[in-house]
Amino acid sequence: MKKLVYLEPDKIDAEPFTTSDIIAEHTNINYRSVQRITEKYENSLSEFGRVRFQITPFETKGGVQNKKIYRLNEQQATLLITFLKNTPVVVKFKTELVRQFYAMREELTRRHAERISLKPIRRELTDVIKQTDDDVWAYKKYTDLSYKAVTGKIARVLRQERGAPKDAKAVDYMSADEIRAIAEMQYKIAVLLDIGMDYNR
């Protein structure tokens, strides 16, 4: 089954969600029926946060029309799917949706843990840079070096590609595996600077 759970933006503190359209598509239930169920139980769903939606145009035989697509967090989606009849397709979807929400939560937990592990390494790198490189752009230079070694891209490009604001920390838009690799690379850079190597060697 394809991806059912999203982060938007794909950031360390974003909230995982699915949509009423995804639910309709993967349960073989008309999207208007899912919309009606969502609206019927909106008060109950709102106990787990604001029920967000967007109006999206779509093509029909009669021309372009608009439809309301609900964006549901994990608790809202879990509650909503309890209101669906348990056909084999729906049961399969429910199982996969729960699995993907759990996997996304686990990934975000790993991101937070790796981010915490990165902090003392970044402090150590900063201290070494202060002692070994008086270039005003030294910190950015070595940060970009570590990012490029891991992802093939510097921070500015990563921010652009991942939809991050210009002043955001690119590492907040990385996966747990990327953050761990960045930490390892920054530790290596700190050690090499400490033994007398520089940016060009």
Side-chain angles (χ1 to χ4, degrees), residues 1-61 64-118 150-151 158 161-164 168-184:
M1 194 172 279
K2 73 174 191 178
K3 190 171 181 181
L4 306 175
V5 176
Y6 293 85
L7 287 176
E8 196 178 279
D10 189 356
K11 188 183 174 193
I12 196 167
D13 60 357
E15 182 177 40
F17 70 94
T18 192
T19 68
S20 54
D21 247 20
I22 289 170
I23 293 170
E25 178 186 350
H26 293 280
T27 57
N28 294 337
I29 298 172
N30 182 281
Y31 87 89
R32 290 188 192 281
S33 297
V34 175
Q35 182 180 332
R36 281 194 293 272
I37 294 167
T38 306
E39 289 167 354
K40 180 178 179 180
Y41 295 103
E42 190 168 348
N43 286 341
S44 297
L45 295 170
S46 66
E47 290 183 29
F48 300 102
R50 185 173 157 211
V51 180
R52 301 177 185 277
F53 65 87
Q54 64 185 44
I55 304 298
T56 304
F58 71 106
E59 291 285 338
T60 68
K61 291 177 183 176
V64 177
Q65 293 188 16
N66 291 324
K67 68 177 171 180
K68 189 185 279 190
I69 299 176
Y70 287 92
R71 182 170 159 163
L72 306 164
N73 65 30
E74 182 175 7
Q75 294 91 340
Q76 291 166 339
T78 302
L79 178 59
L80 182 66
I81 63 177
T82 65
F83 302 131
L84 306 180
K85 187 177 178 183
N86 280 330
T87 65
V89 172
V90 171
V91 170
K92 183 179 177 185
F93 169 75
K94 288 178 178 182
T95 304
E96 183 62 17
L97 185 68
V98 169
R99 189 194 69 74
Q100 287 193 27
F101 265 119
Y102 179 82
M104 186 68 79
R105 261 200 334 270
E106 196 171 61
E107 165 66 12
L108 289 173
T109 300
R110 286 183 58 229
R111 287 187 196 184
H112 282 283
E114 296 295 347
R115 194 76 168 81
I116 290 166
S117 298
L118 177 62
V150 170
T151 68
L158 285 167
E161 289 184 356
R162 299 182 185 196
K169 294 178 180 177
V171 72
D172 287 342
Y173 292 78
M174 293 182 184
S175 70
D177 290 340
E178 287 174 325
I179 298 170
R180 185 178 67 252
I182 292 291
E184 290 170 0

Quiz item: Should the pair Glu25-Lys2 be classified as a salt bridge under the 4.0 Å nitrogen-to-oxygen rule?
Solution: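 So Glu25 pairs with Lys2 through a salt bridge.
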Heavy-atom side-chain proximity of [X] to [Y] below 4.5 angstrom:
X: Leu79; Y: Thr82; result: yes
X: Asp172; Y: Asp13; result: no
X: Lys3; Y: Ile22; result: no
X: Leu108; Y: Arg111; result: yes
X: Thr18; Y: Gln76; result: no
X: Arg71; Y: Gln54; result: no
X: Ile23; Y: Tyr70; result: no

Practice problem: Verify the neighbour count for atom CZ of Phe48: are there more than 12 heavy atoms of other residues, nucleotides or ligands below 6.0 Å? | Solution: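 Count over threshold, so yes.
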Quiz item: Just wondering, are more than 12 heavy atoms of other shown residues or ligands nearer than 6.0 Å to NZ in Lys68?
Solution: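 Correct, the count exceeds 12.
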So, taking the atom named [atom1] in [X] and the one named [atom2] in [Y], what distance separates them when rounded to the nearest 0.5 Å?
X: Ser33; Y: Lys40; atom1: OG; atom2: NZ; value: 12.0 Å
X: Arg115; Y: Met174; atom1: CZ; atom2: CE; value: 9.5 Å
X: Ile69; Y: Thr38; atom1: CD1; atom2: OG1; value: 11.5 Å
X: Ile29; Y: Phe93; atom1: CD1; atom2: CZ; value: 9.0 Å
X: Leu158; Y: Thr151; atom1: CG; atom2: OG1; value: 4.0 Å
X: Ser175; Y: Glu114; atom1: OG; atom2: CD; value: 9.5 Å

Quiz prompt | Test item: side-chain donor near acceptor, Glu74 and Tyr102, under 3.5 Å | solution = no
Any idea which heavy atoms bring [X] and [Y] closest together, and the distance?
X: Leu80; Y: Leu45; result: N-CD2, 4.1 Å
X: Leu7; Y: Ala14; result: CD2-O, 3.7 Å
X: Val64; Y: Pro57; result: CG1-CB, 3.8 Å

Test your reading of the model: is there a side-chain donor-acceptor pair from [X] to the backbone of [Y], 3.5 Å cut-off?
X: Arg162; Y: Tyr173; value: yes
X: Glu107; Y: Ala176; value: yes
X: Gln100; Y: Leu4; value: yes

Practice problem: Output every pair passing ring-ring contact (aromatic ring centres under 6.0 Å, His included) with a member in residues 13-34, not counting sequence neighbours, ordered by first then second residue. | Solution: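 Listed by first then second residue: Tyr31-Phe58.
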Quiz item: So Arg36 and Glu39, salt bridge (Lys or Arg N to Asp or Glu O under 4.0 Å) or not? Walk me through it.
Solution: CA-CA 5 Å; Arg36 281 194 293 272; Glu39 289 167 354; over 6 Å; no
Quiz item: Residues two or more places apart in sequence or in another chain: which of them pass side chain to side chain donor-acceptor pair (under 3.5 Å) with Lys94?
Solution: Asn86
